[in-house]
2 protein chains.
Amino acid sequence: MMLEEKIRPSCNACPIRHRAVCARCNEDELTMLEGIKSYKSFKAGDPILWRGDSLTYVGSVVEGVATLGKTMEDGRMQMVGLLLPSDFIGRPGRSQIEFDVVAVTDVTLCCFQRKPFEELVTTTPHVAQRLLEMALDELDAARDWMVLLGRKTAREKIATFVEMLVRRQHLAGEQAPLPTLALPLTREEIASFLGLTLETVSRQFGAMKKDGILTFSDRRQFKVIDFDALHLATGDDADGGPLV
Amino acid sequence: MMLEEKIRPSCNACPIRHRAVCARCNEDELTMLEGIKSYKSFKAGDPILWRGDSLTYVGSVVEGVATLGKTMEDGRMQMVGLLLPSDFIGRPGRSQIEFDVVAVTDVTLCCFQRKPFEELVTTTPHVAQRLLEMALDELDAARDWMVLLGRKTAREKIATFVEMLVRRQHLAGEQAPLPTLALPLTREEIASFLGLTLETVSRQFGAMKKDGILTFSDRRQFKVIDFDALHLATGDDADGGPLV
DNA sequence: AAAACTCCTTGATGTAGATCAAACAATGAT
DNA sequence: ATCATTGTTTGATCTACATCAAGGAGTTTT
């Protein structure tokens, strides 16, 4: 909730506070959206959508963390996205979803019925445009992640992942110099995001602790001590392209 | 050219034959598009766009094959997309491109000036909608490729790649049972698409030849002998989700 | 027709990270 | 308090693929 307000101040005026669509909606459109809107909650661990499920809703994360992934027949699993507050779920124009969506913490979604939502997309250029913009952002992020999966070392993967978390959580909070950050995923979940095993993730966290880049107060609570060293360890170039 | 006509018969009536936008354009829109359209050609090996280049055009591949990729500072390279005829290049709403686009064969593009094209997107819901649809398709493909990069073995990667080529080239030609297919990329380029080295690619092709799945007449010309074995080798499930 | 490329294959060796295995928290249940 | 359960660390070993190296097979250049 706070997040959306920070990103798009104009959302304050919008009863829906939905990053995707409210920024330039007029009164009629907002009323219409309000009518097809509902909030849904999921407990940590709950599946939200299963591959092949028919999509009766689209929406976005209001609170909590969910993952987007695919499991192969023999059980190998790859996460393909991390859904944090303000991220969109579902695809207007598609009746089915291709990936599994799972709540990793308690999650609240703000949902719109898909059919009427698609009506809105069809008739309202700025909504379609905003969704296109978001889809292209996600596409860039997915492609950057392909570089990570295909070419980066285990250490570079971990560093990139941590840097992404910092960047995403920084938007929400203020510019405090050394904030303690929450690690919303288990070692196993991180591993399946990075194309590694949980043991390798654990060892790399250990190494970065030893190298004075990170400290852990709790297994799921950490601080970045040396941002420069962290960035250096990502293998990305100086300016640091956008990643998720 | 033939390709677009097969995919969207309605494009026959459209002077532009541009899969992205012409399907439901009216006369005014077509005239407008015609005015900002131009064809551009590139020789095999030519860079088409470099990361960070400002995008003055958007467009799509009419003929030839191009690759989309990113090179890390130390030279490691990952391809993140293969651009075949009808594929779109560039992002309305973005002034810069995040990846390198390179012609691997001689390439012809059909280009539109970005600024006026964006005007059209802003004012014409069905164009924005069509672009959204395409972006979501690409996103699904990118995510499937993330599963490949993160979790598949070398053999599975090669099998998946070959199956994708078959699928893409099948749309163009007719349902001939055993067509000879062109391998548009070198071993090195395939390797950088699959997150492997060229030696591993070569060895895996060798193995699949020995196993009676493929035959090569030339290094760049092959036939699939055993489609079932090929699909089995991909590691994907029976129904075979869409991949590029 | 020889030289110089570029691309590909094949072999020998090395290694990052997987796999196997055991023990150690932290949490929650009885 | 004790016992499960779930997540994490750490160690020993293994292996798929990378890396290093050399030679072959087509092209293009001279």
Side-chain angles (χ1 to χ4, degrees), chain A residues 43-46 65 67 72 74-78 102 104-106 148-161 182-211 214-222 233 235, chain B residues 43-45 65 67 72 74-78 102 104-105 148-161 182-211 214-222 233 235:
Chain A
K43 287 269 148 223
D46 283 357
V65 178
T67 63
M72 294 173 67
D74 61 2
R76 279 174 289 173
M77 147 71 165
Q78 179 64 49
V102 180
V104 292
T105 64
D106 290 356
L148 176 144
L149 291 171
R151 297 295 167 196
K152 288 193 175 181
T153 64
R155 167 174 259 247
E156 288 170 337
K157 287 176 175 181
I158 294 285
T160 306
F161 171 72
L183 208 53
L185 306 175
T186 66
R187 302 291 185 261
E188 186 169 21
E189 286 159 348
I190 295 168
S192 80
F193 199 17
L194 298 177
L196 297 170
T197 59
L198 66 100
E199 293 95 331
T200 300
V201 171
S202 178
R203 280 186 246 267
Q204 294 297 335
F205 273 132
M208 297 186 75
K209 216 164 58 181
K210 192 163 65 63
D211 295 347
L214 304 175
T215 36
F216 285 77
S217 45
D218 174 355
R219 272 196 201 70
R220 306 288 285 267
Q221 212 76 11
F222 71 98
Chain B
K43 288 270 147 222
V65 179
T67 62
M72 293 172 67
D74 61 2
R76 279 175 289 174
M77 147 73 167
Q78 180 63 50
V102 179
V104 293
T105 65
L148 175 144
L149 291 171
R151 296 296 166 195
K152 288 192 175 182
T153 64
R155 168 173 259 246
E156 288 170 337
K157 287 175 175 180
I158 294 285
T160 306
F161 171 71
L183 209 52
L185 306 175
T186 65
R187 302 292 185 262
E188 186 168 22
E189 286 159 349
I190 296 168
S192 79
F193 199 18
L194 298 176
L196 297 172
T197 58
L198 67 100
E199 294 94 330
T200 301
V201 171
S202 178
R203 280 185 245 268
Q204 293 298 333
F205 272 132
M208 297 187 76
K209 216 163 58 179
K210 192 163 66 62
D211 295 348
L214 305 175
T215 37
F216 285 78
S217 44
D218 174 357
R219 273 196 200 73
R220 307 285 287 266
Q221 213 74 13
F222 71 98

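Proteins come first, then strands; the chains are lettered A, B, ... in the order of their sequence lines, and each starts at number 1.
- As judged by a 4.0 angstrom heavy-atom cut-off over every strand, B/Gly45 is placed among residues making no nucleic acid contact.
- Around the CD atom of B/Glu199, the shell of radius 6.0 Å holds more than 12 heavy atoms that belong to other residues, nucleotides or ligands.
- Taking the six-membered ring for Trp and thresholds of 30 and 60 degrees, B/Phe193 and B/Phe161 have ring planes more than 60 degrees apart, a perpendicular arrangement.
- Per the geometry, CD1 belonging to B/Ile158 stands 14 Å off C1' belonging to D/dA16, to the nearest Å.
- No N or O donor and acceptor, one from the side chain of A/Arg220 and one from the base of D/dG7, sit under 3.5 Å apart.
- For the helix from C/dA1-D/dT30 to C/dT30-D/dA1, the rotation axes defined at the first and last 5 base pairs enclose an angle of 30°, given to the nearest 10°.
- In this structure, A/Lys209 places its NZ atom 12 Å from P of D/dT8, rounding to the nearest Å.
- Contact annotation: the side chain of B/Glu189 approaches that of B/Val104 to within less than 4.5 Å [non-hydrogen atoms, C-beta and beyond].
- Whole-Å rounding puts the B/Glu199 CD to D/dA21 P distance at 12 Å.
- With a 4.5 Å cut-off on side-chain heavy atoms, B/Thr153 and A/Arg76 count as touching.
- A/Gln78 contributes a side-chain N or O that, together with a main-chain N or O of A/Ser192, makes up a donor-acceptor pair within less than 3.5 Å.
- For D/dT27, the base has no donor-acceptor partner in the side chain of B/Arg219 [N/O atoms by modelled type, under 3.5 angstrom].
- By the 4.5 Å heavy-atom criterion applied to side chains, B/Leu194 and B/Gln204 are not counted as neighbours.
- Rounded to whole Å, atom P of D/dA25 lies 20 Å from atom CD of B/Gln221.
- The backbone N or O of A/Lys43 lies less than 3.5 Å from no partner atom in the side chain of A/Asp106, so there is not a single donor-acceptor pair.
- Computed from coordinates, the A/Phe205 CZ to D/dT10 C1' distance equals 16 Å when rounded to whole Å.
- In this structure, B/Arg76 places its CZ atom 13 Å from P of D/dA18, rounding to the nearest Å.
- With rounding to whole Å, A/Arg151 atom CZ is found 12 Å from D/dC17 atom C1'.
- In this pair, A/Phe222 and A/Phe216 present their aromatic rings tilted. The plane angle is within the 30 to 60° band.
- The outermost nucleotides of DNA chain C lying under 4.0 Å from heavy atoms of chain A, listed 5' to 3', are C/dG17 to C/dA26.
- Each of B/Arg203 and B/Thr186 was assigned the nucleotide of DNA chain C with the nearest heavy atom; the assignment lying further toward the 5' end belongs to B/Thr186.
- Between the NZ atom of B/Lys157 and the P atom of D/dA16 there is a distance of 14 Å, rounded to whole Å.
- Looking at A/Glu156 and A/Arg151, their side chains never come closer than 4.5 Å, going by heavy atoms from C-beta outward.
- Using a 4.0 Å heavy-atom criterion, one finds that A/Leu198 contacts the bases of the nucleic acid, with or without backbone contacts as well.
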